[in-house]
Amino acid sequence: MDTKVSAHDGANSASVVDGDFPAAGAPQPLQARQHRYLQALIEAGLLIPGGVDGVYGRSAEFEAIVDGLNIAFTALGVDQHAEVMRFPPGMSRNHFEKSEYLKSFPQLAGTVHSFYGNDRDHHRLLARLEDSEEWADEQRPTRVVLTPAACYPIYPVIARRGVMPPEGCVVDAMSYCFRHEPSLDPMRMQMFRQREYVRLGNADQVIAFRQLWIDRGQQFAALLELPHEVRLANDPFFGRCGKIVADSQRELKLKLELLVPIHDGAPPSACMSFNYHMDHFAQVWALRTADGAPAHTGCAGFGLERMVLALLRHHGFDLAHWPKGVRATLGGL
Ligand code: AMP
Ligand code: ZN
């Protein structure tokens, strides 16, 4: 990914944490700066260490910003007449298997296991635990997996309803998501929330929807006074074949991201994604438009934690000193 970023007027690029770094000439490696930002967030009490990289508690202030973003996203999408669906952060393993997530991202998936044994098995488990031995293989998979993206549980629900109305449909989804990518970069968590608007309909409807949200996403980032740019992107498809799939995804322009710079001179971070799946999910689920054709789908996904962290990075840790317009955009934060 290119590191060139167009800064917007009015955006305060003053660094919250870079000031602690050695002066120019002795730049710290990116990883060290990411870790430093994490430390600063923890010291300020905004994030609470969860004992494993990428899993954190959030403070009242952090959650107030998340609430503000959710209020703003609801207002931004009010004309979509979206059906609100909220699922827990675990979903059906059957649905997950059918979605073909494992074909593309086996390295990111998380499954839920539990104990099915008898008393003897239980004693063995406890003995292994006591001896600090690996005990997790005493468990077996349940029918639940961790949700990898907020839109995944939606498709089978819509498919079960049968043929869609001529206007198709829009769903407003939000979920904690899991991705196995432990990191000291606070922008890359293992458990984080996505708010999504998901569009199902014919190709024209989905393409128009995606463009609408690319425009809205940029307007929203400008209102939040965040420097940003929209760029073509690809997902981290696994393995040697993954490179070919990623190239094709780029060639077909299926994924665009709104990027915000976090550390000077480093690649910016994706805070919003605008995806067009073509008829992928209709090949998996019986998603049919009013005329019986396989439906196309797309989604506009907002990374709530990443947006909070971008706001804190650019406007500082003291919410009372954030620009008035930004606070107003976030529901009067
Ligand atoms: P994706 O489904 O990969 O397009 O992700 C949608 C949005 O979720 C991205 O634009 C990010 O803002 C956010 N996101 C993705 N992965 C992570 C992560 N590991 N930690 C925090 N946010 C993430
Ligand atoms: Zn999605």
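Values below: all heavy atoms of this structure, side chains included; hydrogens, waters and symmetry mates excluded. Ligands are counted one by one from 1 in listed order, and the atoms in each one are counted from 1 as well.
Closer than 4.0 angstrom to ligand 1 sit non-hydrogen atoms from Arg179, Glu181, Met187, Arg188, Met189, Phe192, Gln194, Lys255, Ala270, Cys271, Met272, Ser273, Asn275, Gly303, Arg306.
For His180, there are no ring pair (Phe, Tyr, Trp, His ring centres under 6.0 Å) partners two or more places apart in sequence or in a different chain.
Using a 4.0 Å cut-off between charged side-chain N and carboxylate O, Asp121 and Arg124 make a salt bridge. At a threshold of 4.0 Å, the pair Glu83-Arg161 counts as salt-bridged, since one of the basic side-chain nitrogens sits closer than that to a carboxylate oxygen.
Counting Ile, Leu, Val, Met, Phe, Trp and Tyr side chains that sit under 4.5 Å apart, directly or through other members, Phe87 shares a hydrophobic cluster with Met85, Met91, Phe96, Tyr101, Leu102, Phe105, Leu108, Val145, Tyr152, Ile154, Tyr155, Val157, Ile158, Met164, Val171, Val198, Leu200, Phe237, Val245, Phe281, Val284, Trp285, Leu287. Think of Val84 as one node in a network of Ile, Leu, Val, Met, Phe, Trp and Tyr side chains linked at under 4.5 Å; it has no links at all.
Angle SG(Cys299) to the Zn ion (ligand 2) to OE1(Glu196): 90° [nearest 10 degrees].
Among Leu47, Leu309, Asp53, the single residue meeting the side chain to side chain contact (heavy atoms under 4.5 Å, CB included) criterion with Leu38 is Leu47.
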